[in-house]
Structure formats: C-alpha cells, structure tokens
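Some notes on the structure that comes next.
Here the structure is a predicted model, which is why all the values come from computation and not from measurement.
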Amino acid sequence: KQEVTQIPAALSVPEGENLVLNCSFTDSAIYNLQWFRQDPGKGLTSLLLIQSSQREQTSGRLNASLDKSSGRSTLYIAASQPGDSATYLCAVRRPRNDYKLSFGAGTTVTVRA
Amino acid sequence: EAGVTQFPSHSVIEKGQTVTLRCDPISGHDNLYWYRRVMGKEIKFLLHFVKESKQDESGMPNNRFLAERTGGTYSTLKVQPAELEDSGVYFCASSRYMTEVYEQFFGPGTRLTVL
C-alpha cells in the first residue's frame with residue numbers, strides 16, 4: 001500500500017523567501033507524481049506533473065524534482081508572494097494499470113507580506 | 001475549455017436521507033474519478049470510470065454508495081442512506097484516455113454535511 005507523507009504540515013515565511021516543500025512515498029514503483037494547490041474552500045489546481053522517467057519539471061517560479069529511488073519529491077517556489085498562500089498537496093500514481101492517486105495530507109503555506 | 005464541474009457545491013442533509021452528487025468531466029475525457037476527504041484525513045480514492053464502465057471501485061466504502069456514468073458523460077454518486085461519517089468533501093476528476101500522461105484535473109468539490 002502506498003503511503004505519502006508531506007513535511008512540514010504548515011509553513012510560514014516572509015514574502016520573498018524561497019519555499020521548499022517535501023513529499024515522500026513508500027513504494028518507489030510509481031507511474032507519475034502530481035503537485036496540486038488548494039485554496040480554502042476551493043478545488044485542486046494541478047501545478048506540475050512529473051513522469052517516473054523524469055527528474056524535474058519547471059513552470060515559472062515553480063520547480064519540482066523527483067528522486068524515485070529514494071521515494072522523494074520536492075517542490076520549490078522561488079521568491080514567494082502572499083498569493084502563494086495555500087495548501088500544497090502531492091499525489092502519486094502507481095504503475096500503468098492502476099490509475100488511482102494516493103495523496104499526502106498537504107503542507108499549508110502562509111506567506112507574510 | 002471548461003473545467004470539471006460539480007453540483008451541488010454544498011449539501012446539508014439529515015442522517016438516513018439520500019443525496020446525489022453530480023460531476024461533469026472535461027469534454028473528451030473518458031476517465032472519470034471520484035475521491036473524497038473526510039474530516040482531518042487525506043484525500044482518498046473512491047472509484048474510476050473509463051467511459052461508462054467501472055474500472056476500479058476498490059475505494060468505495062460500502063454498499064450505501066452507488067456511482068453511475070450513463071452514456072459515458074456525466075457521473076452521479078448517490079449515498080443512501082447517509083450516515084454521519086459520510087460528511088466531507090467529494091471531489092471528481094477527469095483525464096484523457098490512451099495518453100502517456102494521464103494528468104488528472106479536479107473539480108471544486110461538493111461539501112456534504114450529514115446531521
């Protein structure tokens with residue numbers, strides 16, 4: 001059974017500081033990993049998807065890395081802004097014929113102006 | 001392109017009543033998924049449709065939950081009779097079929113409160 005852990009559970013930083021969010025998973029046999037953002041009372045917005053064959057993905061100020069062998073992914077957000085305040089979730093998908101995502105509990109980020 | 005839509009956004013019902021949640025996936029997405037988050041827990045998978053067929057329903061908690069996807073378009077999730085522990089947020093997601101990526105796109109969720 002895949003277990004996904006996100007540490008820390010909450011993070012508060014001043015505006016402009018870089019954010020580092022961690023995700024670990026117990027079964028390294030994954031198909032891909034997705035990072036999501038959730039604003040209070042809203043749905044999940046997909047930020048980045050990393051295939052198991054990739055080491056990283058980048059989109060604007062966001063960069064996600066994947067070390068499948070050690071069961072870890074890190075989401076970096078450069079030069080944080082108050083608008084980055086949200087809960088960030090990672091989810092892993094197991095090999096090809098199993099489509100379900102296993103989610104971590106999320107990291108709630110507060111960026112102070 | 002319209003995103004995944006869910007209806008209603010909120011539902012408050014009494015224990016023992018029936019509730020039906022609806023999900024409209026992104027047009028052209030044959031894969032449709034239901035997930036839920038109950039109080040204080042992670043988001044958990046419920047089931048997966050490919051077109052109108054149930055591909056995986058391993059996450060359905062019990063037989064009080066019934067999901068359908070008639071015609072392979074929208075899907076409904078019925079809870080009958082609802083219990084207190086069914087309270088939570090129910091998310092629907094969709095993705096393309098026969099693609100290498102299978103990125104899942106989520107709807108805004110339906111918040112269900114059972115009193």
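By the rule that hydrophobic residues join a cluster once side-chain heavy atoms approach within less than 4.5 Å of another member, B/L47 and B/V79 end up as members of one cluster. One hydrophobic cluster, built from ILVMFWY side chains closer than 4.5 Å, holds both A/L33 and A/L62. The same ILVMFWY cluster, assembled from side-chain heavy atoms under 4.5 Å apart, contains both B/Y90 and B/V19. By the criterion of side-chain heavy atoms lying less than 4.5 angstrom apart, applied directly or through intervening Ile, Leu, Val, Met, Phe, Trp or Tyr residues, B/W34 is grouped together with B/V114 in one hydrophobic cluster. In the hydrophobic clustering of this structure, A/I50 groups with A/L75; members are Ile, Leu, Val, Met, Phe, Trp, Tyr whose side-chain heavy atoms approach within less than 4.5 Å, directly or through other members.
Interface remark: B/S58 contributes side-chain atoms only to the contact with chain A (heavy atom separation under 4.5 Å). For a residue to count as touching a neighbouring chain, one of its non-hydrogen atoms must lie under 4.5 Å from one of that chain's; by this rule A/K42 touches chain B with the backbone only.
Every residue two or more places apart in sequence or in another chain was checked for a salt bridge (Lys or Arg N to Asp or Glu O under 4.0 Å) with B/R69, and none qualifies.
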Could you walk me through whether B/D56 and A/K100 pass the side chain to side chain contact (heavy atoms under 4.5 Å, CB included) check? CA-CA 8 Å; B/D56 180 354; A/K100 66 173 75 69; 2.9 Å; yes

Residue pair B/F106, A/Q34: steps toward the side chain to side chain contact (heavy atoms under 4.5 Å, CB included) verdict: CA-CA 12 Å; B/F106 280 70; A/Q34 271 185 270; 5.6 Å; no

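Taken from CD in B/E42 to CD in A/Q6, the straight-line distance is 9.0 Å, to the nearest 0.5 Å.
Below 4.5 Å, heavy atoms of chain B meet heavy atoms from A/A105, all part of residues 105-113 of chain A.
More than 12 heavy atoms of other residues, nucleotides or ligands sit less than 6.0 Å from atom NZ of B/K54.
Of the residues listed (A/L101, A/L44, A/N32, A/L49), the one engaging B/Q104 in a side chain to side chain contact (heavy atoms under 4.5 Å, CB included) is A/L101, and it is the only one.
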